[in-house]
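Chain naming here is simple, since letters A, B, ... match the order of the sequence lines and numbering starts at 1 in each.
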Amino acid sequence: MKLHLKIWRQLNAASKGEMIEYEVSEVSEHMSFLEMLDMLNESLIQRGERVIEFDHDCREGICGQCGIMINGRAHGPLTHTTTCQLHMRSFKDGDTIYLEPFRASAFPILRDLKVNRKSFDSIIEAGGYISAAIGQTPEANSIPVSYEASEAAFDSAACIGCGACVATCKNSSAALFTSAKINHLVQLPQGKLEAADRVLSMVSQMDAMGFGNCSNTEACEVECPQDISVLNIGRMNYEYNKALLLRK
Amino acid sequence: MKTTTLQYKLIMAATGLFLCFFLVIHLLGNLQLLLPAARAQEQFNWYSHLLSGNILIKIISWVLYLSLISHAVYALLITRKSKKANASSYYYDKRKVSSPWSSRNMGILGTIILIFLVIHFKDFWYVYMFTDLPLDAAGNKDLYTIVITTYDQLWYVLVYEVSFLALGFHLLHGFFSASRTLGLYHPKYVKAVKVFGWMYTLLITLGFMAIPLYIHFIK
Ligand code: HEM
Ligand code: FES
């Protein structure tokens with residue numbers, strides 16, 4: 001099939017970007033979206049033009065590197081799908097496709113479709129870990145964890161940190177990401193010990209990085225490739241409120 | 001520790017829910033307007049007098065004013081913050097397909113409510129509290145007649161109906177949103193609160209909408 005692409009081109013954070021039009025033909029419906037972009041980049045290289053830069057790594061939906069706003073939606077038209085797992089069969093011959101970077105003040109644009117998501121890292125650094133020197137791998141059964149608790153913790157831990165939740169949020173809130181990281185730990189015995197400090201400091205960091213508040217529109221859950229539940233946000237708020245009340 | 005927007009949201013949720021509670025009381029009071037004319041006049045005026053004289057009600061009404069003001073002020077603060085967080089707009093934006101309309105327009109809905117409240121306070125609250133009104137047979141200020149004559153004007157009824165619709169959509173998202181902000185996360189109770197929120201919103205909105213319509217067209 002033949003496609004018209006309108007792609008955001010921007011040299012660096014300081015420069016002004018704009019939408020540039022491209023045409024690609026002979027796109028197979030079996031191609032992934034990123035393969036289609038690879039094809040376009042091949043032709044740009046042959047013409048001696050600067051390639052379109054975008055983030056990607058695993059290309060199998062598990063690393064969270066990829067992320068493009070496709071036709072106005074984070075990761076494109078499908079729900080719960082990463083950009084790398086989107087295929088050209090979701091489009092028709094002659095379609096016009098708009099490609100933009102994830103936009104948020106906390107995600108400055110590096111180049112073209114690539115954004116800097118260090119603000120996510122800094123939220124993790126603020127408490128998204130367990131501060132115990134554990135030495136070698138401990139015996140697995142020394143701390144009992146119920147099946148339900150481990151599954152629930154895994155469901156939260158499934159967040160790949162792609163940033164689609166922020167990109168799709170009208171407030172650019174990082175509530176879904178932050179809550180997933182908090183809940184992944186708070187549901188396990190090892191994580192409970194520092195629960196109060198963790199939630200206070202991660203929520204503060206989320207604010208400090210310039211993410212907006214959560215209006216509970218729940219758009220994030222719809223676009224999340226891992227289907228991370230918005231109930232995580234409720235749990236984060238619960239932990240936060242509890243920590244505020246019990247703070248000495 | 002620096003105050004976070006989540007703390008602002010907590011204040012919004014608490015004040016919002018207090019306002020939700022107040023709406024129930026206000027609606028129950030207004031339902032007296034639907035009684036047969038003579039009874040309605042006597043009872044509604046008596047009820048208004050009862051409220052205005054009571055010290056407990058005075059305290060509650062000050063909490064109410066404070067709630068309303070802080071709800072609006074914090075709404076403004078978080079909206080400013082999120083505008084800053086989401087400063088660069090998309091060239092092609094279809095994000096709205098993944099969330100309900102009311103959840104994205106709480107600010108606009110709230111502003112309509114605020115404008116309505118200014119009109120509402122000016123025409124009833126101010127008139128009752130600070131002007132000399134004629135008295136009814138029982139010697140109470142005749143607020144009833146003011147209400148009835150005001151609702152005789154069709155445009156006024158229309159302004160009210162539009163405002164109540166805005167209130168309805170604000171409540172539809174607001175009630176549930178407050179429960180999430182306060183930290184409700186158990187799936188069973190989240191569902192229960194959603195259902196309760198729907199029923200609450202429907203009853204409050206239809207209740208308030210019905211009164212001016214009934215007075216204008218039927219009474
Ligand atoms: C009777 C009047 C009102 C009631 C019962 C009410 C109720 C609520 C409730 C329960 C919430 C949810 C809080 C949360 O998200 O946790 C809310 C949110 C909100 N209210 Fe109101 N409200 C009223 C009036 C207003 C007014 C006058 C304004 C604006 C000037 C306003 C602006 C907002 C905004 C912007 C939000 C959304 C906050 C967000 O984006 O998360 N409200 N309201
Ligand atoms: S490239 Fe790893 S999730 Fe898409």
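Only the backbone of A:Phe211 comes within less than 4.5 Å of a heavy atom of chain B; no side-chain atom from C-beta onward does. Of the atoms belonging to A:Cys220, not a single heavy atom falls under 4.5 Å from chain B. In this structure, no portion of B:Tyr8 lies under 4.5 Å from any heavy atom of chain A. Contact of A:Ala175 with chain B is not made at all, since no heavy-atom distance falls under 4.5 Å. Heavy atoms closer than 4.5 Å to chain A are found nowhere in B:Ser102, neither backbone nor side chain.
Distance OG/A:Ser105 to NZ/B:Lys84: 8.5 Å, rounded to 0.5 Å. Between the NZ atom of A:Lys170 and the OG1 atom of B:Thr79 there is a distance of 6.5 Å, given to the nearest 0.5 Å.
Contact between B:Ser103 and A:Asn216 at its shortest, heavy atoms only, is CB-O, 4.4 Å. Between A:Gly212 and B:Ala85, the shortest heavy-atom distance links the atoms N-CB, 3.4 Å. Heavy atoms only, all atoms of each residue included: B:Ser177 and A:Ser215 are closest at OG-O, 4.0 Å. When all heavy atoms of A:Thr217 and B:Pro100 are compared, the pair lying nearest together is O-CD, 3.5 Å. The nearest pair of heavy atoms linking A:Asn241 to B:Leu182 is ND2-O, 2.9 Å.
When the candidates B:Ser89, B:Ala87, B:Ser99 are compared by the number of heavy-atom contacts under 4.5 Å with chain A, B:Ser99 comes out ahead. When each of A:Met19, A:Arg73, A:Glu100 is checked for heavy-atom pairs under 4.5 Å with chain B, A:Glu100 comes out on top. Taking chain B as the reference chain and counting heavy-atom pairs below 4.5 Å, the highest number among A:Ile233, A:Val230, A:Thr79, A:Val166 is found for A:Val230.
No more than 12 heavy-atom neighbours from other residues, nucleotides or ligands sit within 6.0 angstrom of OH on B:Tyr189. Taking a 6.0 Å sphere around CH2 of B:Trp198, one finds it holds 12 or fewer heavy atoms contributed by other residues, nucleotides or ligands. The number of heavy atoms from other shown groups lying within 6.0 Å of OH (B:Tyr91) does not exceed 12. Around NE2 of A:His87, the count of heavy atoms belonging to other residues, nucleotides or ligands within 6.0 Å exceeds 12. Residue-environment remark: NZ (B:Lys96) stays at or below the threshold of 12 foreign heavy atoms within 6.0 Å. Shown here is A:Tyr98, whose OH atom has more than 12 heavy atoms of other residues, nucleotides or ligands within 6.0 Å. Within 6.0 Å of atom CZ in B:Phe121, more than 12 heavy atoms from other residues, nucleotides or ligands are found, so the atom counts as buried in its surroundings. Other residues, nucleotides and ligands contribute over 12 non-hydrogen atoms within 6.0 Å of the OH atom of B:Tyr185.
Side-chain contact check for B:Arg95 versus A:Glu223: every heavy-atom pair is 4.5 Å or farther apart. For the pair B:Lys81 and A:Asp207, the minimum side-chain heavy-atom distance is below 4.5 Å. Contact check for A:Glu218 versus B:Phe176: side-chain heavy atoms found under the 4.5 Å cut-off. Between A:Leu231 and B:Arg180, some side-chain heavy-atom pair lies under the 4.5 Å cut-off. Between B:Leu10 and A:Leu244, some side-chain heavy-atom pair lies under the 4.5 Å cut-off.
Side-chain N or O atoms of A:Asn171 include none that pairs as donor or acceptor with a backbone N or O of B:Ser82 at under 3.5 Å.
Side chain to side chain, A:Tyr240 and B:Gln7 meet the donor-acceptor criterion of an N or O pair below 3.5 Å.
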